[in-house]
Amino acid sequence: MPLNYSKWDQLELSDDSDIEGHPNVDKRSLIRWKQRDIHEKRETRKLKISALGAEIACNGVLSPRLHSVRATLGSADGGLKYFQQLVEKLQTQPSPEAPPTNAKDQPTYDAMMLSLLMQVWDGAKSLPADEREAAVLSGLDKHIKQLTDHTKKLEKDLVDEENEQRKHITSEDIHEGFESKYTPAKPPPPPVKNAKIDAPTKAKTKTTEFEVLNPAASSSSKAPLPSASPKSSPDTDEEYEVEEELPELTPSLERFSRLSLWAYEQSFSFIQANRDVVVPGASDALLVAAFRAESKGRFEYAEKCVHQSLLLQYCEKLGKDGVRLFFQKMITGDQRAVSVFVKDVEGTYSHLKTRAKAAATETSDAQKEQIQLVPENPSATISFNVPDGPPPEDLRLEGPGTEDLEVEQVREALQMRWDVFESFPEDLKAALKVGTLDEVNKVLGSMDVSVAEDVVGKLEMAGIMSFVSGGVRDETGNRDEEDDEENAE
């Protein structure tokens with residue numbers, strides 16, 4: 001194996017030619033001074049490189065946020081109102097997230113965003129009301145351009161400093177012995193738990209058919225055997241249906257889901273350091289986590305999960321080099337790409353909010369206890385006698401069985417029945433007029449149990465509901481025995 005000596009070409013050492021003689025100083029002391037000077041210059045350059053990298057990383061977080069504000073402001077109706085609401089949110093509910101430095105009084109990302117937006121507003125607030133929105137957009141474009149140009153300059157300075165550092169090699173840089181260029185590739189990280197992975201398509205195999213004398217017998221021998229699976233019959237699908245297990249977040253995905261919205265530089269750095277983020281099922285696991293968080297009222301975290309899920313989906317759709325292509329467009333501030341992504345995140349999160357509310361309502365309705373009227377036996381019937389109106393003034397009692405009745409008592413009973421009927425809500429009165437048990441039960445099922453029980457009691461008391469033997473029981477589960485005892489009494 002040939003040895004590589006090129007690394008020594010730029011080695012910077014002190015020798016006798018660098019030293020000017022001095023009667024009271026020996027050569028070793030001068031060499032140490034020279035080496036100390038080289039070391040101090042190198043350390044200074046390291047600090048400068050670190051500072052340039054930190055500022056570039058900070059701008060990488062701020063730039064996508066400014067582009068997002070610009071895209072939303074330019075596409076939304078009442079953009080100036082959105083701008084003012086954003087400023088108010090940054091003032092009253094700032095995020096504590098800040099660049100990872102040890103600098104004293106390091107401002108947060110939200111504080112820096114607020115400072116930039118306030119500069120934009122200061123340049124627009126003195127203008128007429130109908131010109132302010134255009135001035136705000138112009139101000140944002142100006143700051144975005146300045147930030148982009150400044151970042152490019154920082155990147156150039158960083159490259160120059162790194163190249164200059166490589167020109168001066170010290171013993172700290174020498175770590176090589178005999179070199180071996182082969183490094184075994186790391187195995188790809190596994191997919192997330194319960195991830196849905198499409199099965200690889202089987203290659204088509206060529207088949208040859210032979211003519212036979214008895215086609216019926218031949219084909220019958222090839223008939224598939226009946227499946228022992230419970231899903232072999234459509235009638236048993238629901239009986240054997242099992243709830244599907246959903247993809248779960250890995251520890252890396254859980255940390256990834258908590259990164260800030262629109263912080264593309266931060267997400268890119270995290271993916272580079274954690275290969276197990278871009279794996280099959282990761283975006284689905286993040287969407288599941290978003291839905292669960294939204295259902296529990298953790299709205300901010302739910303939106304972050306949606307953001308990171310779509311981010312991974314975009315990287316996947318862009319192909320093998322999708323991660324680099326996506327973040328290149330986002331970090332450099334490609335306005336069209338940023339606008340499309342922002343709208344997709346907002347639209348997906350809005351849809352998720354709607355679905356979470358609907359699911360909560362369905363769950364609440366399914367768990368709600370209901371009062372339903374059911375005859376005790378198939379031969380019994382329940383009917384409803386709905387009054388047409390209050391009793392007439394000239395009430396007359398006619399027919400057999402009315403001889404012992406007093407007119408005023410009958411009038412009071414009829415008036416009471418009418419008053420009870422009129423006290424019911426309109427949907428119940430309409431159902432009673434239809435006269436079917438299904439319609440009445442539908443209305444009772446939408447009521448709270450206590451309200452429905454009160455309604456049933458009034459129907460019986462006023463004589464509006466009548467039934468043959470056995471009475472009425474409700475089907476709320478635990479109340480059956482109690483109702484049976486009451487009906488028997």
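Note that these values count all heavy atoms, side chains included, but never hydrogens, waters or copies made by symmetry. Note that the coordinates shown come from a computational prediction; the quantities given were computed from them, not determined experimentally.
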- List in chain and number order the residues that pass side chain to side chain contact (heavy atoms under 4.5 Å, CB included) with R258, two or more places apart in sequence or in another chain; answer none if no residue qualifies.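 Side chain to side chain contact (heavy atoms under 4.5 Å, CB included) check on R258 returns E254, R298, Y301.
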- Task: Could you list the residues that satisfy side chain to side chain contact (heavy atoms under 4.5 Å, CB included) with Q335, not counting sequence neighbours?
- Result: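 Checked Q335 against side chain to side chain contact (heavy atoms under 4.5 Å, CB included); matches are R70.
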Does the side chain of [Y] come within less than 4.5 Å of [X]'s, by heavy atoms?
X: L249; Y: F256; answer: no
X: M330; Y: S267; answer: no
X: L287; Y: Q313; answer: yes
X: M113; Y: L66; answer: yes
X: F327; Y: C315; answer: yes
X: L325; Y: Y314; answer: no
X: K433; Y: F421; answer: yes
X: K156; Y: K153; answer: no

- Message: Run the side-chain contact (heavy atoms from CB on, under 4.5 Å) test on L246 and R292 for me, step by step, so that the C-alpha distance in whole Å, both residues' side-chain angles and the decisive distance to 0.1 Å come before the verdict.
- Response: CA-CA 11 Å; L246 299 175; R292 289 171 176 168; 4.0 Å; yes
- Message: Whether the side chain of S115 engages the backbone of M112 through a donor-acceptor N/O pair (distance < 3.5 Å, no angle test) should be reported.
- Response: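 Judged by distance alone, no pair lies under 3.5 Å.
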- After noting the C-alpha distance and the side-chain angles of V87 and W121, does the key distance pass the side-chain contact (heavy atoms from CB on, under 4.5 Å) rule? CA-CA 10 Å; V87 170; W121 178 245; 6.0 Å; no
- Item | side-chain contact (heavy atoms from CB on, under 4.5 Å) between L311 and I271, worked out | CA-CA 11 Å; L311 186 149; I271 290 175; 4.1 Å; yes
- Message: Does E155 form a side-chain contact (heavy atoms from CB on, under 4.5 Å) with V159? I'd like the steps, not just the answer.
- Response: CA-CA 6 Å; E155 291 171 345; V159 172; 5.7 Å; no
- Task: Step through the shown structure and confirm whether more than 12 heavy atoms of other residues, nucleotides or ligands are within 6.0 Å of NZ on K145.
- Result: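 Counting other residues, nucleotides and ligands, NZ of K145 stays at 12 neighbours or fewer.
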- Message: Can you tell me if E316 has over 12 outside heavy atoms packed within less than 6.0 Å of its CD?
- Response: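 At most 12 heavy atoms, drawn from other residues, nucleotides or ligands, come within 6.0 Å of this atom.
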